[in-house]
Amino acid sequence: MKSAVETLNPTRVRLTVEVPFEELKPSLDAAYKKINQQVTVKGFRQGKIPARVIDQRFGRGAVLEEAVNDALPKFYTEAVNEAELNVLGQPEVDITELKDGETLNFTAEVDIRPALEIPDYSGIEVEVDAVEVSDEDVDKSVEQLRERFATTSPVERAAQDGDVLTVNLEAKVDGEVLEDGVAEGVTYTVGSGELLDGIDDAVKGLEAGGSATFTSELKGGSAQGKEAEVTVEVTEVKARELPELDDDFAQLASEFDTLEDLKADSRKRLAQMKKYDQATQAQEKVLDELLKLVEVPMPEKLLADEIQTRKHNLEHHQLGQMGLDLAKYLEIQGKTEEEFDAETKEQAEKGIKTQFILDELVNKEKLNVSQEELTEHLMRRAQSSGMSPDQFAQAVVEGGQVPMLVGEVARGKALAVVVEAATVKDTNGEVVDLDDEDETAETVEAEGAEAEGAEAEAADEKPEA
């Protein structure tokens, strides 16, 4: 077999491949065997039909087509490996010549990873928020804890903001009560903004036994998105009572004996959270600066596949779980379809660029992934997915996604190298020491995992004539 490579642009090549006919023999034998199992010819046992009879009855062309389709992936892969190409996705194959008994010639156009030059990135400088915890931050944190320990008790008065009500609901559309439009014994906190638009104004001022009717757009159910006439009946009003902020509360809500110790612990935890947010911010900003330094030619088909993947995931997974379609989502976001498409394209380009650049850095810095690092990353991904580590690991193995996870960890390590080399200062002008980069992979994952998914899906397809 002979092959040659023609560069069409920085992200696409054309392979020209010439295959001597004798190299097709294994595939021809397999084609005759396959056809033998699928057809019957009077006078011959199934599977024992001679090749010449198959040629006469069904045509040599059918055999050649089957043999070529069987052999193409192997010849294509050999040509790719011989040229040491890093291909992306499925090739477009064109058989230019097929002479029975003589030769098979074909071309294959395919996207490739562009060659990248990574410049010196040690000069990157970014500014992040300073780690500052105010008294107001501490008070807000303690107040949130206090809310968790609130108690309720029935009151004989009109409902007001903050009260916890028990209500019955009935929704009508065009005068007809919906089959799924009746609910009884629903708990609702006045002013929470949950349930239905307009319910707060309807229930304020009502005592137990009172009712009111209001109009609202239904957020779910069989008549989702339609205007409905909703009747709400209040069956019970409870007032929320917050515990006093004192040492007794500290002992009730924590392991601390005094309120001052509880506040000190809250301040410490808030500082740790802000430190983590600061590190995440540094990673994101350093990555943005790195992307500006490197020119990345964009493979058009890979970009189109990535955009389609992102749209599909949004429409069929995220929005589906919220009971929304794309049109309603855009209405809520206040975006046009053109703005949405432009944003999706921008995000897809950033994801692909991130993956290409960090993969190049992995090779340049000779970064490896240990079993311990992979296991830690798997545990984090399992936690974010809501699955147990064992379930997630099984799904990863069965789906052939282990290389993808290894890539995520390696790219995280590559970004950590860049962050370490960069100068990071806070808004006070102080140099920030980022001594914990363990979570860097999560930032990379958000940008690049989907791009790798689109690339992997495309690579799984086999070339056919």
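Just so it is clear, the values below take in all heavy atoms, side chains as well, and ignore hydrogens, waters and symmetry mates.
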Exceeds 12 heavy-atom contacts within 6.0 angstrom, atom CD of Gln272: yes
N/O donor to acceptor pairs below 3.5 angstrom from side-chain atoms of residues 121-130, sequence neighbours left out:
residue : atom : partner : partner atom : Å
Tyr121  : OH   : Glu365  : OE2          : 2.8
Ser122  : OG   : Asp120  : OD1          : 2.8
Ser122  : OG   : Asp120  : OD2          : 3.1

Closest approach of Ser27 to Ala71 (non-hydrogen atoms, all atoms of both residues): OG-CB, 3.3 Å
Interatomic spacing from NE2 in His312 to CD1 in Ile307 - rounded to 0.5 Å: 15.5 Å
Atom CD of Glu117: over 12 foreign heavy atoms under 6.0 Å: no
Inter- and intrachain pairs under salt bridge (Lys or Arg N to Asp or Glu O under 4.0 Å), touching residues 323-340, at least two apart: Glu217-Lys328, Lys328-Glu331, Lys335-Glu343
N-O pairing of Lys34 and Glu66 below 4.0 Å: yes
Residue pairs passing the salt bridge (Lys or Arg N to Asp or Glu O under 4.0 Å) test where at least one lies in residues 242-252, sequence neighbours excluded: none
Heavy atoms of other groups near Gln394 CD, more than 12 under 6.0 Å: no
Phe249 side, atom CZ; Leu259 side, atom CG - distance, nearest 0.5 Å: 8.0 Å
Presence of salt bridge, Arg146 and Glu143, under 4.0 angstrom: yes
Separation between CG of Asp200 and OG of Ser192, rounded to the nearest 0.5 Å: 6.0 Å
